[in-house]
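Positions are given from 1 along the sequence. Bear in mind the structure is a predicted one, so any value in this text is a computation, not a measurement. Heavy atoms only: backbone and side chains are in, while hydrogens, waters and symmetry mates are out.
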Amino acid sequence: VVTRDDVEESLKAVFQFVKDKEQLLQDLRSQIEETKKKIAEKQLERDYWCEYKNVGSKIHDERIDSLEKDIAEVKYELERTEEYYSEALKVVREENQKQFDRHIKLLSEEALKNAVGYLDKNCRREIEENEWLKEEVKIYRKEERDLKASVQLLEEENTSLVAKLIDIKLQHLRV
């Protein structure tokens, strides 16, 4: 039996999860801004070397080409990272909305159970003997199993996303 406190606690957990993901997005945006600053610095350095190249120095041509490749790679990685995190955020928001809807449904079910609890004994007995209610109980139990399975899948997916995030950060550190 799911109590109102359980549902509220679950809702709080979902909202905390959303806040954490939004904080992660803000952190990523700040990292993107830092990367853009690095790109601007590299662009200035490239401009310097291009000017040096134009006055006749052939010694540093390879260095200029290398810096241009580095800038292109950093830009490409930035675009890929932005796309990845925007997609990941979209998926997380959709999943959070689904969980929120499920929790609202559970709250309405809990309200129905509480309302049944206030009825007198005769009414309760009639409701308990009602075949329709028995079918509903079966359906709710199945939904509960489905919710547990989906929560487990979400936890595995979140673990996978965190691992990917760490891998990408390591790649950026290497760059």
(message) Applying a strict under-4.5 Å side-chain criterion to I, L, V, M, F, W and Y, I'd like to know whether Val162 and Ile168 cluster together.
(response) no
(request) Check the pair Lys98, Ser150 against side-chain contact (heavy atoms from CB on, under 4.5 Å), reporting the backbone distance first and the verdict last. (result) CA-CA 10 Å; Lys98 288 178 186 176; Ser150 66; over 6 Å; no
(request) Considering only NZ, NE, NH1 and NH2 on the basic side and carboxylate oxygens on the acidic side, decide whether Asp65 and Lys69 come within less than 4.0 Å. (result) no
(request) Please examine the side chains of Glu144 and Lys148, heavy atoms only from C-beta on, and report whether any two atoms are closer than 4.5 Å. (result) yes
(request) Let me see the working for Asp167 and Gln171 under side chain to side chain donor-acceptor pair (under 3.5 Å), right down to the final yes or no. (result) CA-CA 6 Å; Asp167 290 341; Gln171 287 176 357; over 6 Å; no
(message) So Glu95 and Val92, do their side chains get closer than 4.5 Å, heavy atoms only?
(response) no
(request) Supply the atom-to-atom distance Glu94 CD to Asn96 CG, rounded to the nearest 0.5 angstrom. (result) 10.5 Å
(request) Could you please spell out the steps behind the side-chain contact (heavy atoms from CB on, under 4.5 Å) verdict for Val74 and Lys42? (result) CA-CA 10 Å; Val74 169; Lys42 291 286 187 180; over 6 Å; no
(message) Applying a strict under-4.5 Å side-chain criterion to I, L, V, M, F, W and Y, I'd like to know whether Leu89 and Leu161 cluster together.
(response) no
(request) Find the distance between CZ (Arg29) and CD (Glu82) and round it off to the nearest 0.5 Å. (result) 9.5 Å
(request) In plain terms, say whether Lys138 and Glu135 are close enough for a salt bridge, that is, a side-chain N and a carboxylate O under 4.0 Å apart. (result) yes
Which donor-acceptor pairs under 3.5 Å do side chains of residues 8-25 form with protein atoms, sequence neighbours excluded?
residue	atom	partner	partner atom	Å
Glu8	OE2	Arg4	NE	2.9
Ser10	OG	His103	ND1	3.2
Ser10	OG	His103	NE2	2.9
Gln16	NE2	Asp20	OD1	3.0
Gln23	NE2	Asp27	OD1	3.1

(message) Evaluate Leu106 against Leu147 for side-chain contact (heavy atoms from CB on, under 4.5 Å), listing each step before the verdict.
(response) CA-CA 11 Å; Leu106 285 175; Leu147 282 173; 4.0 Å; yes
(request) Could you walk me through whether Gln99 and Leu154 pass side-chain contact (heavy atoms from CB on, under 4.5 Å), step by step? (result) CA-CA 10 Å; Gln99 283 185 353; Leu154 283 174; 2.4 Å; yes
(message) Closer than 4.0 angstrom, basic N to acidic O: yes or no for Glu143 and Lys105?
(response) yes
(request) Can you sort out the partners of Glu41 under salt bridge (charged side-chain N to carboxylate O under 4.0 Å, His left out), two or more places apart, ordered by chain and number? (result) none
(request) Return yes if a side-chain donor-acceptor contact under 3.5 Å exists between Thr81 and His172, otherwise no. (result) yes
(request) Taking the side chain as every heavy atom from C-beta outward, state whether Leu28 and Gln31 have any pair of such atoms under 4.5 Å apart. (result) yes
(request) Can you measure from CD (Gln43) to SG (Cys50) and round to the nearest 0.5 angstrom? (result) 8.0 Å
(message) Nearest 0.5 Å, please: how far is CD1 in Ile32 from NZ in Lys37?
(response) 13.5 Å
(request) Output the distance between atom OG1 (Thr3) and atom CG (Asp6), rounded to the nearest 0.5 Å. (result) 3.0 Å
(message) Would you compute the distance between atom CD1 of Ile39 and atom CD1 of Ile71 and round it to the nearest 0.5 angstrom?
(response) 8.5 Å
